[in-house]
Each structure stands twice: as structure tokens, then as C-alpha cells.
Amino acid sequence: MKGRFGKFGGQYVPETLMNALIELEEEFESAIKDEEFLETYRYYLREYSGRPTPLYYAENLTQTLGGAKIYLKREDLNHTGAHKINNVLGQILLAKRIGKKRIIAETGAGQHGVATATGAAKFGMECEVFMGEEDVQRQSLNVFKMKLLGAKVTPVKTGTKTLKDAVNEAIRNWVANVDTTFYVMGSVVGPHPYPTMVRDFQRVIGDEARSQILEKEGRLPDYVMACVGGGSNSMGIFYPFIEDKNVKLIGVEAGGLGIESGKHAATFYGGSTGVLHGMMTYILQDEEGQILPVYSISAGLDYPGVGPEHAYLKESGRAEYVYATDQEALDAFMALSKIEGIIPALESAHAIAYATKLAPTLGKDKIMIVNLSGRGDKDVGIVSKFMGVNL
Amino acid sequence: MNRINEKFSHLKSNQQKALITFVTAGDPDAETTVKIIDGMEEAGTDIVEIGIPYSDPLADGPTIQSSSIRALKNGIKIPIIMDMVKEIRKYSEIPLVFLVYYNSIFKYGMDEFLEESKRSGIDGIIIPDLPMEERNEISEMMRKKDIILIPLVAPTSRERVRDIVKNADGFVYCVSINGVTGAREKIGTDLKSYMDSVASFTNIPRAIGFGISNAAMIREVKDYCDGVIVGSAIINVISKYDDNSEMLENLKKFVSDLKSGLSEVKI
């Protein structure tokens, strides 16, 4: 069925948006087959964002842990500091092709907001970013960056004042301005065609990683892992490996203060099937379908849903989903900084955390790729506060 | 005959148009909601839309969002709302329609939700986040239970209107503008051509909703439609007064004023 991953996905949105989604789907499908469009997209990925990003053998980390060989896919080295720019460049070029001059976006940690504001600056578009008021506080550095880039940042004061509410408000704004505005969604979530489109604009991560590991090791990895909030960096690195049945795919969700505390964002632990932001997927909800407040130290994983294709990969058993707590992510954040000289984003630190647990249990002949989806500059304030250090 | 169809055919034979008013279930509490519905009926409302509060109401603006949050904080649950409807049905035949987001129905269990709605005395359901592409399963189940799925069309629907209103029953909810719910000063849309285009695809009544906030606006739009829907403006009145009897008094005045906007004969 169109726009479905098994029973997940679909288009649960107000009627006002339906023709816009149909138009978007048609434009995307024609663009993704248009060699000229793809050439332009690849040009900006290469010249503007600095791709391909390295697949870096983390020798110190590997030796410290004494198990599987760990490679890091360095998405943190992208322009704007995270994988988000891959998708933004694709969608902004698409907006240009459709002829829309105003773009809007939601943001959690601010990485997608910064990437979108960057793209808007580069391509001369008007840009408004919706951000939960709580995230505006937690990520003031990124708020300032967006403003420098010429975007308007609108704090969202409704609901839990985080990413979920920023998406609601962006959708509402889109409904009101659908004739003039292109919504650059930041993850593999939302109504069809977004989950497919964002995945296709993020699969460059996995495509590169796959050929890089074949070149370096002459074989495919045993494990590919990545953090999962909405799930765009993980979907991007997983997708090209899906047919490689011997490659285990592991998504790491945000365990917050622990699953039993109820303060977490691990959708696959305690979540159930429902509808949120236009898609059917796993969501954290109560018995009457009210969306539950979620929590994570990392604003980018603080989301009560997950991309519908992840829900499908989980149900079909093709991917496995685990979680790392705040504390485990912080430990990994410190460890990677000290051992490898790489400060990871708190989101990515969740994936590193699980890798550091798993690697020592595996033989030295095993290979794992961990997606380092972003860099940690934006998080040093939060981490220093956690350590009781005043900057 | 379903109460909604009965109402419209009665209104039509008297050359009248329908006033449809909205209330959030449980804001401020279930008991008061029942009194609000009674008061609105007394003041001339023809059909009542009962909003089932949802944590993430995508199609709603700030007024109904806040109202939903108040109701949820006060502990409103679907079984309480069903009981409320049963209570009203003991003495009233006013057509009652649920406005409910899809996840509320889905999580509750589609069959249970529809069965309980039917048993309570609900006549129709509006699901603002369920476009026609996703409605087949539920519309089939509703047909069997004689609950009408009220279709929504929007100014952006264009050629989609034909399929949306195919086999439709009750009335067509015509969203007046691109945007979310909320009282507005003006409707920018060219309502005549929009409503004419809807009429070219269906003979069932067409009601205009979103943004309509007073009798003057009703006077402006009534010639293009068979009914008007007022939501946020009602909530604004309800939330304005702390004292319930004062609130009910003013709400009744407001509703009968809205009604007068509809019934005025064009000279």
C-alpha cells in the first residue's frame, strides 16, 4: 500500500494538507529520478557540506574495550555539525523546484533548525523554525545560531514545550500557509511522503559507510548501530544494509532516568501502536491515546514517537532496538572525548554507550559501525551543568 | 432516520438553516458540559458538536487547545463522556456529533468506541485528521451502526471534493479557510465559488465552520450554505465566567444572538 511500511505510516492529517502532500509526493518522485536534480544535490553535499564523511577506525576505543573493532561514521564532520544537513539540502532543493519561497521547520536539539536556517540562508528563502520553549532554554547556543543565519525562531509554549509540540505547531502553521510554504521535516516521521523522502535524503550515510567498510575491511560489518529519536540518522545508515541479512542493525533509544522511572523516550519500551503527527507508528500514550510526556537529557531524542519504517523493522525483526540511559550516555560522552578526542552529541552518545557495552562481549574479529550523528559542542553547557561546573 | 438528517429536512421544509455549536466535553467539568448543551439547545442550537479532548489536537488553534488541556486536567475520560451523552438522551432528541481525533478512537478500540457511541445516542462523528485515503475501514463500520461519518472539505481540496462527498450523509463540513480553528474577524476565502463547487458534487447540506465568531459573520456567510458551525467563540464565552450560572446565562444570550444571524430574512 502507498506510503505504508506494513501497517505503519499513512497520512493522518487535516484535509487542507492533502493536496500539498500529493503534490510533494509527485515532485519528490520525479526529482529523485531526475539525474540533474540528483547531480545538484550531490554537488551541495560534496562542496557545501563536505561529504563524504570519513569512516574512522576508533583504534583507542577498540583497544580500551578489547573486543569488536569499532568504526565511527563521522556525520559530526558535516557542515552545521550533524547529519541533519543531508536531508535539509535535499528538501530545500525540492522546495526550490516546486517554487516555494518560505520554509518552516521544527527542531528539538536545534540541529535540524540550524541546518534548515543554513539552507535557507544559502538559497535565499524566508525561514521560520518552531522550537519548544523548554528546548529554547536548553539549547540557547543553537537558537542564537539560527538567528545569526537569518531565521525566525518561534518558541512553542503549548503541551510539554518540546519537540512533539514544535511539530504540532509547525504542522498548524503549514495548514495556514500551505499555498506559500514548504515544510522541511527533520526526521523520518510525519505523513507520507516524509518518512520515505527523509530516508532517501539520509541514505547517503549508509551508502558511503557500506562502500567505505568494503574498501577498508573487504567485508561487510557485523553490526551497524545508531541512536533513534524520530530515527533519521539511524534510518539513513540502516537502509542500505537492510538486504545484507548478516549485518545486525541496532537502534538505541533514549532511556532517560530508566524505563521503570517512566521518565524516558524509548518508544519501543512501553509504547504501543497509535497515530501521531500524521503517521501510524509506535508511540508513548496512555490507555485513551493521550500522548505521554517524554524525557531525555538529549533534546534531539526527546520524542514520543518513532519513524514508521523503524516500527516496521522492529515488528519484522530486521532491526533490534535497545536503549541507553542519561547516565550511560553521559559516560560515553566523557569516554569518547577523553579516549578518542571526539566530543559527540548527546544523542550520538547513546549509540556510543550501547556500543561500549556490546563491543567487549564480542570477538576481535567482529566489526561494528557506530553512527556518530553529530558533534557535542551544543551540549557542553548541559554536561557542565550536570558535572556541577559553571562555565 | 438519523437525527441529523431529520433535523436538516425539518429545517429545509421551514426554509431555515442550521446552527451547529461546539463544546469541549469536560471543560470545566462533565456536569457543566451537560448544562451547557441543554442551554445551547434552549437558545436555539440545532446540532451540538461534542469535542473529545485530545493532547495533540492538530487542527485546533489556541482556544480549543487550552480548553482540551483544562478538560484533561480535570480528569475527563471517554466513558464519562459516553455517560454524559446517555444522560442528555434521557430527555433530548437534539442531534449530537462527536469531534474526535483518530488516535482516541484507534487506541480505545474502533469497534468498542463506535458501539458505545451508538448505545449512548451519538448520531455522527467528525474526525479532523482522517482524510478519505484512511477512512474506508471506519466508515464501513459506522455505516453498519447508522452513525454518520461527517466528511470535511477544505478550500484546498479542489477536485478531491468529488470523492470526499461521494456517498456522504448528514452534512459536509466545509472548512472556511486554510488554518486551524479559532475565532476570526474575517473569512478571506471566496466562499461563493468554494461553496458552489461543493454543491456541484453533492445534494446533502453544507455547513461552514472555522473562524465564524459572531452573528454579523453568520449574516455574511449564511447565503452560501445550509448551516454554520461555531466553536472557539463558544469556548471563549464559557471560559470567560467563573460563576456557572452567570456563564450559562451569557452563553444562552450569545447562542440566541448567533441564531438570529441565521434566521434573519434577506430583504
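Just the heavy atoms: all of them, side chains too, but no hydrogens, waters or symmetry mates, feed the values below. All chains are named by letter (A, B, ...) in the order of the sequence lines, taking the proteins before the strands, and each is independently numbered beginning at 1.
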Between chain A and each of B:Ile105, B:Thr156, B:Ile177, count heavy-atom pairs under 4.5 Å; write down the option with the most.
B:Thr156
Just wondering, more than 12 heavy atoms not from B:Tyr108 lying within 6.0 Å of its OH?
yes
Can you say whether B:Ile164 sits under 4.5 Å from chain A via the side chain, the backbone, both, or neither, judging by heavy atoms?
side chain
Should we say atom CD of B:Glu137 is surrounded by more than 12 heavy atoms from elsewhere, each under 6.0 Å from it?
no
So do the side chains of B:Glu133 and A:Pro191 get within less than 4.5 Å of each other, counting heavy atoms only?
no
A:Arg172 and B:Pro57, any side-chain heavy atoms less than 4.5 Å apart
yes
Inspect the surroundings of CZ in B:Arg162 and state if more than 12 heavy atoms from other residues, nucleotides or ligands are less than 6.0 Å away.
no
Tell me, side chain or backbone of A:Ile291 under 4.5 Å from chain B's heavy atoms, or both, or neither?
both
When A:Gly278, A:Gly159, A:Gly274 are compared by non-hydrogen pairs under 4.5 Å with chain B, the top option:
A:Gly274
Could you check which of B:Arg158, B:Met132, B:Arg135 has the highest count of heavy-atom pairs closer than 4.5 Å to chain A?
B:Arg158
Heavy-atom closest contact (B:Tyr102 atom, A:Val275 atom, distance)
CD2-CG2, 3.7 Å
Does a sphere of radius 6.0 Å around CD in B:Glu31 hold more than 12 heavy atoms from other residues, nucleotides or ligands, not counting ones at 6.0 Å or beyond?
no
For atom NZ of B:Lys166, decide whether the heavy atoms of other residues, nucleotides or ligands shown that lie under 6.0 angstrom number more than 12.
no
When rounded to the nearest 0.5 angstrom, what distance separates OG in B:Ser55 from NZ in A:Lys164?
5.0 Å
A:Glu287 portion near chain B, given a 4.5 angstrom heavy-atom threshold
both
Worked check of side chain to side chain contact (heavy atoms under 4.5 Å, CB included) between A:Leu276 and B:Asn103:
CA-CA 7 Å; A:Leu276 175 68; B:Asn103 197 45; over 6 Å; no
Name the region of A:Ile283, side chain, backbone, both or neither, that has any atom closer than 4.5 Å to a heavy atom of chain B.
side chain
Max heavy-atom pair count under 4.5 Å with chain A, selected residue of B:Leu58, B:Val153, B:Val175, B:Val180
B:Leu58
Quick check: are there more than 12 heavy atoms from other residues, nucleotides or ligands sitting under 6.0 Å from NZ of B:Lys118?
yes
Given heavy-atom pairs under 4.5 angstrom as the criterion, report whether the side chain, backbone, both or neither of B:Tyr54 touches chain A.
both
Cut-off 4.5 Å, heavy atoms of chain A, and the answer for B:Leu72 is side chain
For each of B:Leu130, B:Ile78, B:Leu152, B:Ile127, tally heavy-atom pairs with chain A at distances under 4.5 Å, and name the one with the top tally.
B:Ile78
Between B:Lys107 and A:Ser272, a side-chain donor and acceptor under 3.5 Å
yes
Give me the contact list for residues 7-25 of chain A versus chain B, heavy atoms only, anything under 4.5 Å, ordered by residue number.
A:Gly10, A:Gln11, A:Tyr12, A:Val13, A:Pro14, A:Glu15, A:Thr16, A:Met18, A:Asn19, A:Ile22
Any side-chain heavy-atom pair from B:Asn178 and A:Asp179 closer than 4.5 angstrom?
yes
If I compare all heavy atoms of B:Lys77 with all of A:Asp286, which pair ends up nearest, and what's the gap?
NZ-OD2, 4.4 Å
